[in-house]
Amino acid sequence: MNLNEFGLVPEMGGRPGIPARIVAQHKERYELVCQYGHAFARLKTKEYYAGTELFPTVGDYVALQYIENGDSQILATLPRRSFFARKEPGPIPRDQAVAANFDWVFLLQSMNQNFNPARLERYLALAWQSGATPVILLTKADLAEDPADYLRRAAQVAPGVELHAVSARTGMGLDGLSTYLQPGKTLVFLGSSGVGKSSLVNALAGEEVMTVSGIREADGRGRHTTTHRQLIRLPGGALIIDTPGMRELGMAEATEGLSETFSDVEQYLGRCRFRDCRHEKEPGCAVKAAIAAGDLDPARWERYRKLREESERHGRLRRNAKCKLQNAK
Ligand SMILES: Nc1nc2c(ncn2[C@@H]2O[C@H](COP(=O)(O)OP(=O)(O)OP(=O)(O)O)[C@@H](O)[C@H]2O)c(=O)[nH]1
Ligand SMILES: [Mg+2]
C-alpha cells in the first residue's frame with residue numbers, strides 16, 4: 001500500500017521504524033495504515049510514559065516498528081501540522097488532542113434545536129487555534145423552512161468563514177464541498193451528537209461506512225452513536241475523521257484562535273484612552289463607545305470576554321500544574 005494515499009507523510013527526521021498513520025484508537029490499541037496495509041499497534045511504553053512523546057491521536061503520523069504476526073509498536077509521534085485540542089473534561093487542567101494533521105475543520109450544527117451561534121463561536125476559536133481552516137456546515141437543510149435564515153444567523157458570528165447548507169438526506173449542498181474533498185486532503189468533522197456527522201460521511205462515501213441512529217424526539221439530542229474517532233478514505237481519495245459528538249467543549253488556551261474568531265471585536269482593543277482600560281466604567285473606552293454607537297453587539301462582546309477568561313484561566317492552571325509536577329521531580 002502507498003501511504004501517500006492517506007495524506008502527505010511527514011519526514012521521519014532520522015527516527016527508526018517506518019511511517020504510519022493512525023486511523024482509529026481502541027483504548028490502548030491503535031489501528032493504523034502503513035506500507036504493508038492495515039495494522040494494529042501499541043505504544044512503546046518507555047518513550048511514552050517517560051513523557052518525551054506526545055500521545056498519538058487519530059490522524060497522527062507515527063514511527064512504527066512493524067511486526068508481521070502481532071501488534072506492532074509505536075516508537076514516536078511525528079510532528080503535527082495541525083491539531084484540535086479541547087480542555088479535557090474533568091478536574092485536571094489538561095488538553096486533549098481530538099484529531100491531528102487535517103487541512104480543514106468542519107464544524108457541524110443542524111437546522112433544528114441544535115443550532116446555537118454562541119456554541120459556534122466556541123468551536124470556531126478552537127478550530128482557528130488548530131492551525132487549519134474552519135468551515136461551517138449547517139446540516140439537515142431539508143428540515144428547515146428557510147435555510148438562508150440559519151446561514152445568515154451563523155454568518156453573524158463567523159466573519160470570513162465559509163458556510164454551507166447541506167442535507168445528507170436529499171444530497172443538497174454536497175456538490176459545494178468538492179473544493180475541500182481533494183485526494184490526500186484531510187477533513188475533521190466536529191459537532192454535537194445527532195447533527196449528522198456520520199450520515200454525511202456515508203452520503204459522501206456513497207455507502208454505509210459509519211453507523212447512524214435516530215435522535216431523541218423530545219429534545220432533538222443525539223444518542224452518541226459514534227463512540228470512537230475514525231479516519232475514513234473516500235473513494236475519491238479525500239480523508240475524513242469522523243468523531244463522536246462532544247458533550248462539552250471546554251476551552252483550551254486559544255489566544256490566536258480567539259483573535260481570529262473575534263477580529264471584529266478585538267479591533268476596538270488598544271483604542272481606549274487608558275492603556276489598562278478594563279472596558280467597564282472608564283472614560284474614553286473604545287469598546288463602550290462602539291456598543292453605544294451600535295457598531296458592536298454587547299452580547300457578542302460579553303461572550304468574547306467570557307471565552308477569553310476561560311481560555312486564560314485554563315492556560316494558567318495548566319502551567320501551574322506543570323510547574324508543580326516539575327518541582328515534585
Ligand atoms: N432530516 C435529516 N435527517 C438527518 C440528516 N442527516 C442525518 N440525519 C439524521 O440524524 C440522526 C443522527 O445522525 P448521525 O449521522 O448518527 O449523527 P452524528 O452526528 O454522527 O451523531 P453521533 O455519532 O452521536 O455524534 C439520524 O437519525 C439521521 O438519519 C439530514 O440531512 N436530514
Ligand atoms: Mg456519528
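Side chains are part of it too, since the values below use all heavy atoms of this structure and drop only hydrogens, waters and symmetry mates. All ligand and atom numbering here is 1-based and tracks the order in the structure.
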Item to check | Heavy atom of G222, distance to ligand 1 below 4.0 Å | outcome: no
Item to check | T226 neighbourhood, listing ligand 1 atoms whose heavy-atom distance to it stays under 4.0 Å | outcome: 22 (P), 23 (O), 24 (O)
Checklist entry - With distance as the sole criterion, is a donor-acceptor pair present between the side chains of T211 and T225 under 3.5 Å? => result no
Checklist outcome for this item: atom 1 (N) of ligand 1 sits nearest the protein heavy atom D142 OD2, 2.9 Å
Checklist entry - How far is atom 22 (P) of ligand 1 from its nearest protein heavy atom, and which residue and atom is that? => result S193 OG, 3.7 Å
Checklist entry - Which of the atoms in ligand 1, numbered in the order shown and given with their element, are less than 4.0 Å from a heavy-atom of G245? => result 25 (O)
Checklist entry - In the protein, which heavy atom is nearest to atom 5 (C) of ligand 1, and how far is it? => result K140 CG, 3.6 Å
Next on the checklist: So R305 and W301, do their side chains get closer than 4.5 Å, heavy atoms only?
Outcome noted: yes
Checklist entry - Taking the six-membered ring where the residue is Trp, are the ring centres of H279 and Y304 under 6.0 Å apart? => result no
Checklist entry - Any N/O of R223 closer than 3.5 Å to an N/O of ligand 1? => result no
Item to check | Nearest neighbour in protein (non-hydrogen) for atom 27 (O) of ligand 1 | outcome: G214 CA, 3.1 Å
Item to check | Within-cut-off N or O pair, T225 and ligand 1, under 3.5 Å | outcome: yes
Checklist entry - Is there an N/O/S atom in S198 at a distance below 2.8 Å from the Mg ion (ligand 2)? => result yes
Checklist outcome for this item: min-distance protein heavy atom vs atom 21 (O) of ligand 1 -> G194 N, 2.9 Å
Next on the checklist: Could you go through R94 and R318, starting from their C-alpha distance and side-chain angles, then the distance that decides it, and tell me whether this counts as side chain to side chain contact (heavy atoms under 4.5 Å, CB included)?
Outcome noted: CA-CA 6 Å; R94 257 198 313 237; R318 199 173 137 237; 5.9 Å; no
Item to check | ring pair (Phe, Tyr, Trp, His ring centres under 6.0 Å) between F106 and Y123, intermediate numbers included | outcome: CA-CA 10 Å; F106 276 51; Y123 271 87; over 10 Å; no
Checklist entry - Who gets closest to atom 20 (O) of ligand 1 by heavy atom: S192, S198, S213? => result S198
Next on the checklist: Just checking: S199, one of its N/O/S atoms, less than 2.8 Å away from the Mg ion (ligand 2), yes or no?
Outcome noted: no
Checklist entry - Considering only protein heavy atoms, which is closest to atom 15 (O) of ligand 1, and at what distance to one decimal place? => result S199 OG, 2.6 Å
Next on the checklist: Applying side chain to side chain contact (heavy atoms under 4.5 Å, CB included) to V209 and N202, what does each step give before you reach the verdict?
Outcome noted: CA-CA 6 Å; V209 282; N202 291 345; 3.4 Å; yes
Item to check | Close-contact set for ligand 1 against H224 heavy atoms, below 4.0 Å | outcome: 24 (O)
Next on the checklist: What I want to find out is whether E302 reaches K306 closely enough, with some N-O distance under 4.0 Å, to be called a salt bridge.
Outcome noted: no
Checklist entry - Which protein heavy atom lies closest to atom 29 (O) of ligand 1, and at what distance to 0.1 Å? => result R169 NH2, 3.1 Å
Checklist entry - Can a donor-acceptor pair be found between the side chains of Y150 and Q109 at a distance below 3.5 Å? => result no
Next on the checklist: Side chains of Y48 and T77 only: does a donor on one sit below 3.5 Å from an acceptor on the other?
Outcome noted: yes
Checklist entry - Which ligand 1 atoms, with their elements, are less than 4.0 angstrom from a heavy-atom of L143? => result 1 (N)
Checklist entry - What protein heavy atom sits nearest atom 31 (O) of ligand 1, and how far off is it? => result A168 N, 2.9 Å
Item to check | Derivation of the side chain to side chain contact (heavy atoms under 4.5 Å, CB included) call for L64 and I74 | outcome: CA-CA 5 Å; L64 187 74; I74 299 174; 4.0 Å; yes
Next on the checklist: Using side chain to side chain contact (heavy atoms under 4.5 Å, CB included), reason through N112 and I215 one step at a time and then give a plain yes or no.
Outcome noted: CA-CA 11 Å; N112 55 10; I215 55 174; 4.2 Å; yes
Next on the checklist: With heavy-atom distances below 4.0 Å as the criterion, list the atoms of ligand 1 near S167.
Outcome noted: 31 (O)
Checklist entry - Regarding T186 and R81, is there a side-chain donor-to-acceptor distance under 3.5 Å anywhere? => result no
